[in-house]
Amino acid sequence: MPFDPTLPRENTETDAAQMRAQLNGLHDEILAIPVGSPGPQGDPGPQGPPFAAAVVDGVTTLPPLAGATVTSTFDGTTVHFEFGIPTGVPGEVSTAQLSDAVANGLASALANSSASTNGVAPLNLVVSSPPTQAQMQALANKLDELILAGHR
């Protein structure tokens, strides 16, 4: 059935068969539209100027995991580039940063190590079996001395 623009009529119930026929009629009309061919090829335009240089105008650091970007412009003689480079994954460090951190951390650890425990004298206590209250107190006192000497 061909498409009928007067269907469905005002104030009538819609019929599925009639609607299907209308849609199929539209479909047939669309398919009947001739496919045009492209027009004739125009004359080629003049050759553009060669560029003499390419420069990087800037590099921007982007957040981790962002996509890298690049934009380019041409001013007639020079191609200009701008790059956006994401930083590494959080926690990622370069080899140089790691080496510096290790060297600085080692130097700091050695400089701040607890040499003060060298002043804690040995207890040299012979403990009886069972130990006396005085022996246990001497042991506790020496332990406290060692702990306090280890504090900075």
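Reckoned from all heavy atoms, side chains included, excluding hydrogens, waters and symmetry mates.
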Just by modelled atom types, is the Gly84 backbone N or O under 3.5 Å from a matching donor or acceptor in the Thr69 side chain? yes
Of the non-hydrogen atoms in Val79 and Ser72, which two are nearest, and what is the gap between them? CG1-CB, 4.5 Å
Please check: side-chain N/O of Glu82 versus main-chain N/O of Val56, any donor-acceptor pairing under 3.5 Å? no
Drop me the distance from Thr71's OG1 to Phe81's CZ, to the nearest 0.5 angstrom. 9.5 Å
Minimum heavy-atom separation for Pro63 to Pro86, with atom names? O-CB, 3.5 Å
What's the verdict on side-chain contact (heavy atoms from CB on, under 4.5 Å) for Thr12 and Glu10, showing C-alpha distance, side-chain angles and the deciding distance? CA-CA 6 Å; Thr12 62; Glu10 287 290 324; over 6 Å; no
How about Gln22 and Phe3: do any of their side-chain heavy atoms sit closer than 4.5 Å? yes
Working to the nearest 0.5 angstrom, can you tell me the gap between Asp57 CG and Thr73 OG1? 6.5 Å
When rounded to the nearest 0.5 angstrom, what distance separates CG in Leu23 from CG in Asp28? 11.0 Å
Nearest-0.5 Å distance, CZ of residue Phe83 to CG of residue Leu62: 12.5 Å
The reported gap from CD in Gln18 to CZ in Arg9 (rounded to nearest 0.5 angstrom) is 8.0 Å
Would a single hydrophobic cluster contain both Val59 and Val70, if residues Ile, Leu, Val, Met, Phe, Trp and Tyr are joined by side-chain heavy-atom contacts under 4.5 Å? yes
Is it true that the side chains of Gln137 and Asn141 contain a donor and an acceptor less than 3.5 Å apart? yes
Side chain proximity check, His27 to Leu31, heavy atoms < 4.5 angstrom: yes
Heavy-atom closest pair, residues Ser128 and Gln135: OG-OE1, 3.0 Å
Taking the side chain as every heavy atom from C-beta outward, state whether Val127 and Met136 have any atom pair closer than 4.5 Å. no
In this structure, OG1 of Thr61 is separated from CD1 of Ile85 (nearest 0.5 Å) by 8.5 Å
